[in-house]
Structures are given as C-alpha cells and as structure tokens.
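Some notes on the structure that comes next.
Throughout, a chain's letter reflects where its sequence line sits, starting with A, and its residues are numbered from 1.
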Amino acid sequence: MFRLFDLNDAQEKAVRTLAGPLLILAGAGTGKTRVITARVAFLIAQGFDPGCILALTFTNKAATEMRERLARMVEASDAKRVTMSTFHALCLRILRQNIDKLGYKNNFSIYDESEQVGLIKKIIARTAARDEKLDAQVAKALISKAKNLGRDCDPNEESLAGAVFARYQRELKNLNAVDFDDLLLLAVKLLKEHPEIQARWKARFSHIMVDEFQDTNRLQLDLVGLLAGVERNVCVVGDDDQSIYGWRGAETSNILDFERHFPNPAIVKLEQNYRSTNVILGAANKLIQNNPRRHPKNLWSQSGEGEKIRAIQMPDDREETRFVTEEIQRKQAAEGLPWEEFAILYRMNTQSRLLEENLRRLHIPYRLIGGKSFFDRREVKDLLAYATCLLNPDDDVSLLRIIHTPARGIGETTTERALEFSVRKKCSLFQALNSPEFQKELSARTAGRVAGFMTLLDNYETRAAAPLAGFAGIMTALMEEIGYWEDLKRSCATPEEALNRETNMKQMIESLSRYEQRSTGGLQGFLDGVSLDRSEEKEDTAGVTLITLHAAKGLEFRHVFLIGLEEGLLPHDRSKAEGALDEERRLLYVGITRAMRTLTLTYCRSRVKFGSAVPCHPSSFLKELAGEFVEQISFEKLMNTPVPKESVKSRFAQLRATVAKL
DNA sequence: AATCGTCTGCTTTTT
DNA sequence: GCAGACGATT
C-alpha cells in the first residue's frame, strides 16, 4: 500500500475510512490535525465535492490552522469550498438566515458574558422577593448549564432561578439578542422544528468531521445528528483522556458512548506519539490509568527514553517561582535555546503573578496567555456598543451602555422612567425614548436632550444603512461628534493609560477598516466576527510561555515546568467537592503531555493563599506518578549541589551573545 | 454624576 | 492581598 501523505498505518486507516461513522481516538501528540486535513484532502482526491465537506472545530485557531494546512495539500479553489468553521460560527450562519422563524429578527445582537450578567442582575432585582437572594453569576451558570443540556426554560417553573431563566429568555428575545449558548440552542431548535430548513442544510454536507469531540456538549452532538445524512458519514476525532471542559457542559459520554449515537462505527486508535520521550509518555499513561471510564490507550514514541521527570519539593511559593525562573535562565544559556521552548504551566491564573515578578527581575522575556481580553476593555466595548445600536437599536443593553457615555444630560431618573415605560408598553427602550407619548412626560430640557440623542442615532443609522457605507469612517465621525475621545482621556489617571486606551480604539477602527476591504459582510459581519473570535493576534511576542493547564491543551514545548502540584490546588478543592477528580487528573495528563523533552514538577510545603501563608501537602497525583519515571529531588539537596559546569560555560555563552549583539 | 471608601469573596473560561 | 462591586457622600 502506498504511503498516503506520509502517514503511519493507523493514521492511514483513519484517512482511508470514508464511509459511515468513524471514531478516531487520537492520543496527545499523535498527529490529529494532520489526519483530519489529510482525510479531507483524500475525500477531495476521491472525487467528493469539496463544497459538501464540513469540518467543525471548537476554536477559530483550530479552524484556521486546518484551513492553512489543507491549502497546502489541495487546489486553492477546492480548499476554499470546504466548510471549516467553529460550531458557533456555523450556527450563527444558520440563524442569520432563518431565525425569523423563531420570532427573532435577523439583525439580532450577540451578548457576551458580561452583558448576560448585566441583564440577569436586572432581572433578579425585579423578580426576587426581599428575602430571596440569587447571585447573578450563579444564575448565569445555571442557565448556561440548562441550555447546554438542550433544555428550554419552563414558563411554569416556581423556583426563583427558574423564573429568572424564563424571564431572561423572554427578555433576550425582546431585545432581539441571543447569548452564546443560544447560538447552539436556537440553531438546533430551528432545525428540529423546521424540517425544510433542516433538509436544506443536511443536503449540503455529504461528510462531516468533528475535532476535539471529547469537548462537545449535548447540543453539539444533536447538531451533528441533525446535519448528518442517511449514510451517517460522520467522523469524529478526540481523546477522552483530554476532556477538561466538563464544567463547561462538555459530555465525555459523547465520545465514550459514540456507538450509541452512531451505531457500528469504525474505530481507529492513534497511539504513536511524535512529541515526547517515553519517560514522559510512560508517566502520562501511568497516571491516566487511574481513571475509571475511558477508552484504553497507550502512548509510545520513537524518541527514546529521555531524561527522568523531576519532582521537587519547595519550601514555599516564592522559592518555587524563583527556582523555576532561574532554572529556565540556566538552561536557556547552557543549551542556547530560544525562550519559546520553555513553558510554565499552572492551575490558576493568580499563580502567574510571582512568576512575572521573577521573570522581570531576570530580564527574561515572557508571554502571558489568558487574563483580561482586549475586548473587555471599556473603550472597546463602548465602541462596539455604539456599532451594535446602529444595527439593532432595540438592543437595550447596548443602548444603556452608550446613553450615559459620554454624559449627555440623560440621567438615571430618565432612563429609569424610559425603562418603566418600555415595560408598560412592551416595547424596546429605543422605541420608548422615541415615542412622543413618553417625551411628553419629561421636562422640556430633558426631552430636548433625549430628542437630540435620538436624532444622533438616527443620523448614523441612516448613514450606516447606505450601500457602500464606509463603516470605519462613520464610526470615527460618530466618536468625534460625541466627543468620546476627550471624555475618555479625562477619565484616565495617567498619560500612559490614556495613550493605551487611544491605541486600543485606533486598533479597533483599523481592524474594522481592514475587514471592510477584504469582506462583504458589512458592519454586521464585522461584529459577528468580533463576537465569535476574541483571540488576540499577539503570538508574535517571543518569550517563555506562562499558561494555565486548560489553555495549554493543543500546545507543545521542549521544556515544561508544572508548578503547584499540591492537594487543593491540583486537584483543586472545588473540583474535588464537585466530584470531578477524574477531570483534574486529565488536566494534569494534558499538562504532562505538553512536554517534548523535559518535565519538572514542583510543589510547596507552604503557600500564600488569600494573603497569608498556609501549609500545603503534595498532590495525591504525585503518588500515582511515583516510580521509575520520576526522580524525587529535595530542595535542600538541590541547593547544596555545586554549580554545574554548563552553567559556568553558559556565562561565557551569554557574554559572547551580548558582545555579538553590540 | 462622579468619586471615594468599605465590603466581600475568591478555578478553569475553546465560543 | 487584592480586585471588583456597591453604597454613601459631595
């Protein structure tokens, strides 16, 4: 058999199995993306219409990567016709076409997390009795969970949470808005309730592939079922051992019981790993075997045994971070490696703080993944809210955001009254403010200001609705007219902050302008893109990677440091309380399998938590790992070891490098 | 309407 | 220990 795209036997079998359901169990680092793209290329080579192939991913990054790889394997015109998209993006496409069938308008807004919480807060305030308490964040989590299970709200529900859910859903519809979960929920609902629409989408795809199948939830499984044709050409790729998003609604049962959903599947296991040493894989295998329900797998590689994993106990978190950062400095100098080959992995974002301090002290460049998003910045959100209002003025949440920014003499009292009017008349806030009947209730002064604001929005709406409207220009003009920039500058404490915020705004307008040049999706398309893809393109920054275990999935690094292996942190107390110990074990498994050559595990005897030092105990997972693959090193021994030779050599290497730069 | 101070409560976060 | 939320204050 000739070698297809230079694949191993198992990979080739996965690629060549085209008909019927196929389950590819792809262990960490076994060439999963490679197999999916090769399979798409093979389908095209076999004469299947590229336009009938659908590949679904979770992240835009994965979709983009796949598309780029495919472009190198097949004709550009064919590659373009394959649908490669995230679940949410596909659902959005379905909904933009036909959501009117569910009673929404096609220009609906998409609410992010903070907008959801804002809305829920308001609803709780209006719904809860004086003695009832419900945290908006908790309510949001409950609603999200219910939606991910495919449950619509029950209007007869008696509990406060249930009432809030029902009201939230009703309110969203009035606002002509949907949240992230709705994208899936409503798309599935639409396909289920309207067979003609389902038939249309179903006919469109002959072959469906799903990446990271272990992370799918009920709705996503339903969606795949609704889109699959009678042949059930559904190929899913995933690794149950890397399922770490259960708390997000992912159902491991989707991959564990795949044959229940798609009977008689072909099953291919990819176990040859191209990333790590056998020591690392051995430890990973050993750890994960403690999980009860899983598809048995055993990773192996041809990259030799490799160095033993080091497990080091530290006195406290200060010493831990100091050691790790200095160790990276030593190793980098000794081996002359780029900083990008190193990564520090941790359970919680707060752990990055001490690391950052140390890295800065040592002048080591680093990139911190995660944290606050660009899109959560106040100025960015304001700009987007203005844009959203131009398209969907009935979106009260966005309107409320911009009505006081900058202050234009329309105060709390006025909006309170308008809100009350809108509830009474069952109309949107925008309609209330526009209504002469409402304006009559106001003082002449306030009425004038409201009218002025309405005229402003109306003017820009008209301009935005014009064919060939230049949105970047329109938004700039709008921001200038309302004096947004001066207002923002006034609220900044330091000149640096002002400059920073200005840059963010410019960046936003700039990217809108670029979008207009390459796409025909208009302002709506731009906003959709922003809603669904919040990744910042800052991958160019070089340095040591600081990243949570969750965010590290799918990445690889030559040298990995995994810190804070303590009971209560990893596994996290709260996960243990929720009975999610297996998932914590998988999380560590994901961390271990990121390492290509060396892995260092650290844990502390004491750690500062909530401001004060508390004693810690080694993670129970360390016991599960203990044995031939792991070498225990005590901090004391480490400190008494004389400086190794390379480190002396490294000083020279460093010096030489510095001189060379001059 | 904005600012200051106090209170609270603390994982992970693909879209 | 610190950020974020909320309420009292001018």
Do A/D182 and A/Y111 get their side chains close enough for a donor-acceptor pair, meaning under 3.5 Å?
no
Verify the distance criterion only: is there a donor paired with an acceptor across the side chains of A/Q214 and A/E212 at less than 3.5 Å?
yes
N or O in side chain of A/N60 less than 4.0 angstrom from B/dT14 OP1/OP2:
no
If we take the C1' atom in both B/dT12 and C/dA5, what is their distance in whole Å?
22 Å
Between B/dT12 atom P and A/L570 atom CG, what is the distance in whole Å?
13 Å
Could you tell me whether the side chains of A/Y589 and A/N291 share a donor-acceptor contact shorter than 3.5 Å?
no
C/dA3, B/dT15, B/dT14: which one has an atom nearest the side-chain heavy atoms of A/R353?
C/dA3
Out of B/dT15, C/dG1, B/dA2, which nucleotide sits closest to the side chain of A/E113?
B/dT15
So, is A/R347 close to the B/dT11 phosphate, meaning a side-chain N or O under 4.0 Å from OP1 or OP2?
no
From NZ of A/K576 over to C1' of B/dT12, roughly how many Å is that when rounded to an integer?
16 Å
Could you tell me how far apart A/K609 (NZ) and B/dT11 (C1') are, to the nearest whole angstrom?
12 Å
Near DNA chain C, under 4.0 Å by heavy atom, which residues of residues 212-222 of chain A?
none
Side-chain donor-acceptor pair present, A/T321, A/N358, cut-off under 3.5 Å
yes
How about NZ on A/K122, more than 12 heavy atoms from neighbouring residues, nucleotides or ligands closer than 6.0 Å, or not?
yes
Taking the side chain as every heavy atom from C-beta outward, state whether A/V236 and A/T216 have any pair of such atoms under 4.5 Å apart.
no
Between CD1 of A/I403 and C1' of B/dA1 the distance, given in whole Å, is 15 Å
Mind checking A/K121 for me? I need base, sugar-phosphate or nothing, with any heavy atom below 4.0 Å counting as a touch.
sugar-phosphate
For A/F87, report the nucleic acid contact type (base, sugar-phosphate, nothing); a contact means any heavy atom under 4.0 Å.
nothing
Centroid distance below 5.5 Å plus an interplanar angle below 30 degrees: do A/Y245 and B/dT13 meet both conditions?
no
Most 5' of A/T413 and A/H572 on DNA chain B, judged by nearest nucleotide
A/T413
To the nearest Å, give me how far apart CD (A/Q351) and C1' (C/dG1) are.
16 Å
Run the side chain to side chain contact (heavy atoms under 4.5 Å, CB included) check on A/R401 and A/R378 step by step: do they pass?
CA-CA 10 Å; A/R401 182 176 185 97; A/R378 178 157 54 89; 4.1 Å; yes
Please identify each residue that fulfils salt bridge (Lys or Arg N to Asp or Glu O under 4.0 Å) with A/E624, with sequence neighbours left out.
A/R585
State, yes or no, whether a side-chain contact exists between A/L190 and A/L95 at a heavy-atom distance under 4.5 Å.
yes
So for atom CZ, which belongs to A/R318, do other residues, nucleotides or ligands contribute more than 12 heavy atoms lying within a distance under 6.0 Å?
no
A/F58 atom CZ is separated from B/dT13 atom C1', nearest whole Å, by 13 Å
Should the heavy atoms of other residues, nucleotides or ligands under 6.0 Å from NE2 of A/H617 be counted, would the total exceed 12?
no
Check the distance between B/dT15's P and A/K147's NZ and give it to me in whole angstrom.
19 Å
Using ring centroids (six-membered ring only for Trp), state whether A/F258 and A/F213 fall under 6.0 Å.
yes
What are the residues of residues 578-590 of chain A, sorted by number, that bring a heavy atom to within less than 4.0 Å of DNA chain B?
A/E578, A/E584
Heavy atoms under 4.0 Å, any strand shown: does A/S575 hit a base, just sugar-phosphate, or nothing?
base
Spacing of the C1' atoms in B/dT14 and C/dA3 (rounded, Å):
25 Å
Short of 4.0 Å, heavy atom to strand atom, which residues of residues 544-553 of chain A count as contacting DNA chain B?
A/T548, A/H550
Within 90° of 0 counts as syn, otherwise anti: where does B/dT11 fall?
syn
Side chain of A/M348, heavy atoms from C-beta onward: which of B/dT15, B/dT11, B/dT13 has the nearest atom to it?
B/dT11
Sequence-distant partners of A/R361, salt bridge (Lys or Arg N to Asp or Glu O under 4.0 Å), two or more places apart:
A/E326
Please check if any side-chain donor atom of A/N176 sits under 3.5 Å from a side-chain acceptor atom of A/N107, or the reverse.
yes
Rounding to the closest angstrom, what is the interatomic distance between B/dT13 and C/dG4 at atom P?
15 Å
Can you name the nearest heavy-atom pair linking A/I402 to A/A385, along with the distance?
CG2-CB, 3.6 Å
Below 4.0 angstrom from OP1 or OP2 of B/dT11, is there any side-chain N or O of A/R248?
no
Respond yes when some side-chain nitrogen or oxygen of A/N349 is under 4.0 Å from OP1 or OP2 of B/dT12, and no when none is.
yes
Tell me: CG of A/D211 to C1' of B/dT15, nearest whole Å?
15 Å
Report each atom pair, protein N/O against N/O of nucleotides 8-10 of chain C, whose distance is under 3.5 angstrom.
none

In terms of relative ring orientation, are A/F87 and A/F58 parallel, tilted or perpendicular, with 30° and 60° separating the classes?
tilted
